[in-house]
Every structure is written in structure tokens, then in C-alpha cells.
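Just follow the structure's listing: the first ligand is 1, and inside any ligand the first atom is 1. The figures here come from the full heavy-atom set of this structure, side chains too, leaving out hydrogens, waters and symmetry mates.
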Amino acid sequence: MEKIRVGFFGFGKTGKVVANEFLSDPLFTLTWVVRRSQVDHQKYASHMLGHEFAAGEIFAATDVNEDFFLARPVDIIVDFSDSTGVRLYKKAAQMGIPIISAISKYEPQDLELLQSYIKLTPVLYSPNITLGINVVMVAAQILQKIAPHADIEIVEEHFKGKTEISGTAQKIASVLNLEPEHVNSIRVGGIVGHHEIIFGMPYQIIRLSHQSINRAAFGQGAIFGAKFLIGKPPGMYTMETIIAEMFRQNIPVY
Ligand SMILES: NC(=O)C1=CN([C@@H]2O[C@H](COP(=O)(O)OP(=O)(O)OC[C@H]3O[C@@H](n4cnc5c(N)ncnc54)[C@H](OP(=O)(O)O)[C@@H]3O)[C@@H](O)[C@H]2O)C=CC1
Ligand SMILES: O=C(O)C1=N[C@H](C(=O)O)C[C@H](O)C1
């Protein structure tokens, strides 16, 4: 069976680990990687990730011209770069190549550009693409409906160097209709990503919590998303809409 060809944007703290998950999955082949800089790096991402085989030729953002996607055809684009990466693949969207955007914080004009692509191709946009956090997000919305009187606070914990409030926590606040002051950020050590939603009710507390213990969790989420997205009609898709449908199909009947 033909492997799914992946075109990957970003090769940073998370991108490297996610790219390696695609490299290691027999269903996929990493066709190329685009990063910002033209620093002197090895030709193939696979070699930079310690593999002997050659896969994932590395290009700089400036290499991506009008012909790039025709010359290097892929079946899906996965973006773990930053807000500006979306500006590089309009042509790919016009070609109908499905896009997974994992960018957690878009500048308004870049988010608008991503949204313009949904008329052309299927786009899965998820500020946190782990299966687990999206189960928690859907469960929290259900719990809020069951207990509308509950006080709710969100705690997000990340590594010391993360400057912005997590996009995940902002998304959770948004779907629960909470003001930003209900997001409590902690920055310590090398925490990959921990989110907890605390429901305060009379005489009891409910805590819904998710912890990414390795950035490979984002790679597994991206793989799940890629398998879902390929073959879908143009439009905007999110992990939580996929998970919500799975909830609907699996509600226990007593
Ligand atoms: N949705 C999710 O589940 C998750 C999302 N993220 C998000 O993923 C993004 C990347 O995270 P992380 O790897 O930790 O960040 P880093 O800052 O470590 O890496 C960013 C990468 O993007 C590259 N880059 C920047 N601009 C461009 C561009 N225009 N074209 C191509 N490549 C570009 C950089 O290139 P270079 O190396 O040359 O500088 C670098 O490789 C962030 O938005 C983060 O919030 C992170 C974890 C999970
Ligand atoms: O920057 C990160 O690493 C992460 N960013 C995302 C966010 O801002 O929500 C997702 C994850 O928590 C890790």
C-alpha cells in the first residue's frame, strides 16, 4: 500500500519530535521538512534525528516558491512552525493538499489566511493536538452543562521558556465561556504541557487533567489527525469535533 507522503513545516523543540513520529510510522513517509533558517544543517531530517536512512529533505522557508509543491508532491501538510508558516502554503491549499495546523498562537492576519484555505482544502486546526486534551475539553463542556453552578479555574503548566499563555488553556477558557483571568499559568523546569480544569461544587471538587509527558504525544495526535483528514471534503476540522462525535457514538447506555 502506498505510504502517505507528509510535507512538514517546523523543526524545533516539538517539530523534531513530531517529525520523528511520522518517520517511525509505517503508514507515512516524511517527504520534506521546511524550516525558517538556512543554517548549515544536514540534508535530511532523518539523519539529524539519528536514523541511517535518508528521508525528509530539509529546505529553508525561502526555498518555497510557486513550483515547490508541484516539484515535491505530498498527500498532507503538517505545520508545527509558527504563525508565519501558513503564508508559505497557499499554493498547496489551491492544489487541494490537506493541511494540519498545530500552531497554538496565530497573529490575526495569519489565522485569517488559514481560514481562507478551508474553501480549497480540508484543514485540521488544533492548538493542542493530543487525543487526551481534546477528550478533557469535551468532557469539561459536558460537565459544565451538568453542573452549571460550579466555579471553574484552569491551570496550565509548561516549561520555563514558554512566554505566552498556552493556546490550549485559552481554547479551554473560550469553550467554557470563561474570562482570561480564570487561566492560571505556571512555568517551571521542562514541563512539556499540563492542563487541569478544576470544578468547585458544594462539598466536592472535580478535576479534569491532562499531562503530555513527551512531545511525541503531539506526534501521535498529528498522526491520528492525518488519518482522519485525508479524503475529507474542504472545510475546517478540529480535534474536539472529532472527539465529540466519538463521545456521541460511545455514550454508555445503562
Ligand atoms: N498543537 C499542538 O499540540 C502543539 C503545538 N505547538 C506549537 O507548535 C509550534 C512550534 O513549537 P516548537 O517546536 O516548540 O517551537 P520552536 O520555536 O522550538 O520551533 C519553531 C520551528 O518553526 C520554524 N519556523 C519558524 N517560522 C517558520 C516558517 N515561516 N516556515 C518554516 N519554518 C518556520 C523554526 O525554524 P528554525 O529551526 O530554522 O528556526 C523552528 O524549527 C508553536 O506554535 C507551538 O505553540 C507545540 C506543541 C504542541
Ligand atoms: O509550546 C508548547 O510546547 C505547547 N504549546 C501548545 C499550547 O500553547 O497550548 C500546546 C502544548 O501545551 C505545548
Side-chain angles (χ1 to χ4, degrees), residues 7-21 32-42 45 48-49 56 58-65 68 77-90 92 99-107 109-111 113-114 123-134 136-137 154-175 183 185-187 189-197 209-226 237-240 243:
F8 200 86
F9 284 81
F11 201 59
K13 294 185 296 299
T14 305
K16 280 190 174 77
V17 180
V18 171
N20 200 45
E21 290 300 295
W32 41 257
V33 171
V34 172
R35 60 191 304 179
R36 175 178 27 224
S37 50
Q38 293 169 308
V39 291
D40 174 27
H41 44 64
Q42 295 176 53
M48 292 182 75
L49 294 167
I58 296 180
F59 296 89
T62 48
D63 295 325
V64 181
N65 56 27
F68 183 86
I77 280 174
V78 179
D79 189 359
F80 274 84
S81 60
D82 77 3
S83 184
T84 61
V86 66
R87 304 173 194 173
L88 296 172
Y89 44 80
K90 182 173 184 176
I99 294 162
I100 291 183
S101 167
I103 305 307
S104 304
K105 184 168 172 23
Y106 268 120
E107 295 306 318
Q109 71 274 20
D110 294 323
L111 180 56
L113 184 59
L114 180 74
V123 174
L124 174 62
Y125 168 40
S126 184
N128 189 321
I129 203 161
T130 58
L131 201 62
I133 194 62
N134 287 284
V136 164
M137 216 180 310
I154 299 163
V155 178
E156 60 98 352
E157 301 171 352
H158 285 88
F159 53 94
K160 198 75 182 153
K162 185 172 176 69
T163 52
E164 75 281 4
I165 293 175
S166 94
T168 306
Q170 293 181 57
K171 179 83 177 271
I172 294 170
S174 162
V175 299
V183 175
S185 297
I186 294 170
R187 294 290 177 267
I191 294 178
V192 172
H194 176 233
H195 293 86
E196 185 166 60
I197 309 168
S209 170
H210 174 266
Q211 177 132 14
S212 295
I213 54 178
N214 183 301
R215 287 186 169 90
F218 308 124
Q220 287 304 311
I223 286 170
F224 174 92
Y237 299 84
T238 64
M239 283 292 275
E240 65 270 28
I243 300 298

Student: Please confirm whether the backbone N or O of P127 pairs with a side-chain atom of S104, one donor and one acceptor, at under 3.5 Å?
Tutor: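 Yes, the answer is positive, given that a donor and an acceptor are paired below the 3.5 Å cut-off.
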Student: Only heavy atoms count here, so choose which of V64, I100, D82 is nearest to atom 26 (N) of ligand 1.
Tutor: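 Ranked by closest heavy atom to atom 26 (N) of ligand 1, first place is D82.
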Student: Is atom CD1 of I213 surrounded by more than 12 heavy atoms (other residues, nucleotides or ligands) closer than 6.0 Å?
Tutor: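 Check fails, neighbour count at 12 or below.
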Student: If you measure every N or O of R215 against every N or O of ligand 1, does any of those distances drop under 3.5 Å?
Tutor: no
Student: Measure S104 to ligand 2 on non-hydrogen atoms and call it side chain, backbone, both or neither using the 4.0 Å cut-off.
Tutor: side chain
Student: Looking only at N/O atoms, are E164 and ligand 1 under 3.5 Å apart anywhere?
Tutor: no
Student: Among all protein heavy atoms, pick out the one at the shortest distance from atom 16 (P) of ligand 1; state its residue, atom name and that distance to 0.1 Å.
Tutor: K13 NZ, 3.6 Å
Student: Indicate whether any N or O donor in one side chain lies under 3.5 Å from an N or O acceptor in the other, for H158 and S166.
Tutor: no
Student: As a check for students: among K105, R215, K162, E164, identify the option with a heavy atom nearest to atom 8 (O) of ligand 2.
Tutor: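 The nearest heavy atom belongs to K162.
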Student: If we only count N/O pairs under 3.5 Å, is G167 in contact with ligand 2?
Tutor: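 Between G167 and ligand 2 (N or O atoms, distance only) the closest approach is under 3.5 Å.
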Student: Would you confirm whether S126, through its side chain, and N128, through its main-chain N or O, come within 3.5 Å as a donor-acceptor pair?
Tutor: yes
Student: The test is ring pair (Phe, Tyr, Trp, His ring centres under 6.0 Å); show your working for Y125 and Y106 and say whether it passes.
Tutor: CA-CA 11 Å; Y125 168 40; Y106 268 120; 5.6 Å; yes
Student: Parallel, tilted or perpendicular: which one describes the rings of F8 and F80, with boundaries at 30° and 60°?
Tutor: parallel
Student: For E107, is there any backbone N or O sitting under 3.5 Å from a side-chain donor or acceptor partner on S83?
Tutor: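 Yes: the side chain of S83 pairs with the backbone of E107.
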Student: Considering non-hydrogen atoms of the protein only, which is the closest contact for atom 13 (O) of ligand 1, and what is the distance?
Tutor: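 Protein heavy atom at minimum distance: T14 N, 2.9 Å.
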Student: Can you tell me which portion of A169 lies within the under-4.0 Å heavy-atom range of ligand 2? Options are side chain, backbone, both, or neither.
Tutor: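 The answer is neither; A169 stays 4.0 Å or more away.
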Student: With only distance considered, is A61 within less than 3.5 Å of ligand 1 through an N or O on each side?
Tutor: no
Student: For atom 6 (N) of ligand 1, which of G15, S104, G225, A19 has the closest heavy atom?
Tutor: S104
Student: With atoms numbered from 1 as shown, which atoms in ligand 2 lie under 4.0 angstrom from a non-hydrogen atom of N128?
Tutor: 10 (C), 11 (C), 12 (O)
Student: May I ask you to decide if I165's main-chain N or O and Q170's side chain share a donor-acceptor pair within less than 3.5 Å?
Tutor: yes
Student: So does K162 get a backbone contact from the side chain of R187, meaning a donor-acceptor N/O pair under 3.5 Å?
Tutor: yes
Student: Do F59 and F68 have their ring centres less than 6.0 Å from each other?
Tutor: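 Ring centres of F68 and F59 closer than 6.0 Å.
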Student: For atom 9 (O) of ligand 2, what is the closest protein heavy atom, and at what distance to 0.1 Å?
Tutor: T168 OG1, 2.5 Å
Student: Among P127, S166, G193, which one has a heavy atom closest to atom 10 (C) of ligand 2?
Tutor: P127
Student: Does F9 reach ligand 1 with a nitrogen or oxygen that is under 3.5 Å from one of the ligand's nitrogen or oxygen atoms?
Tutor: no
Student: Within the structure, does H158 bring an N/O atom to less than 3.5 angstrom of an N/O atom in ligand 2?
Tutor: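 Yes.
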Student: Where do I103 and V86 land on the side-chain contact (heavy atoms from CB on, under 4.5 Å) test, with the steps shown first?
Tutor: CA-CA 9 Å; I103 305 307; V86 66; over 6 Å; no
Student: Answer yes or no for H195: is there a heavy-atom contact with ligand 2 below 4.0 Å?
Tutor: yes
Student: Could you tell me whether L88 and ligand 1 have an N or O pair separated by under 3.5 Å?
Tutor: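 Between L88 and ligand 1 (N or O atoms, distance only) the closest approach is not under 3.5 Å.
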Student: May I ask you to decide if A169's main-chain N or O and E156's side chain share a donor-acceptor pair within less than 3.5 Å?
Tutor: no
Student: Is a salt bridge present between E21 and K16, judged by a nitrogen-to-oxygen distance below 4.0 Å?
Tutor: no
Student: Looking only at distances, please establish whether an N/O atom of ligand 1 is found under 3.5 Å from an N/O atom of S37.
Tutor: yes
Student: Can you tell me the protein heavy atom closest to atom 35 (O) of ligand 1 and the distance?
Tutor: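 Sorting protein heavy atoms by distance from atom 35 (O) of ligand 1 puts R36 N, 3.1 Å first.
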Student: Nearest to atom 10 (C) of ligand 1 by heavy atom, G10, G12, S81: which?
Tutor: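 Result: the heavy atom closest to atom 10 (C) of ligand 1 is in S81.
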Student: Tell me: protein heavy atom nearest atom 3 (O) of ligand 2, and distance?
Tutor: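 Among all protein heavy atoms, the one nearest atom 3 (O) of ligand 2 is F159 CE2, 3.3 Å.
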Student: D110 vs D82, test: side-chain contact (heavy atoms from CB on, under 4.5 Å). Steps then yes/no.
Tutor: CA-CA 10 Å; D110 294 323; D82 77 3; over 6 Å; no
Student: Tell me which protein heavy atom sits closest to atom 41 (O) of ligand 1, plus the residue, atom name and distance to 0.1 Å.
Tutor: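 Atom 41 (O) of ligand 1 sits closest to the protein heavy atom F11 N, 2.8 Å.
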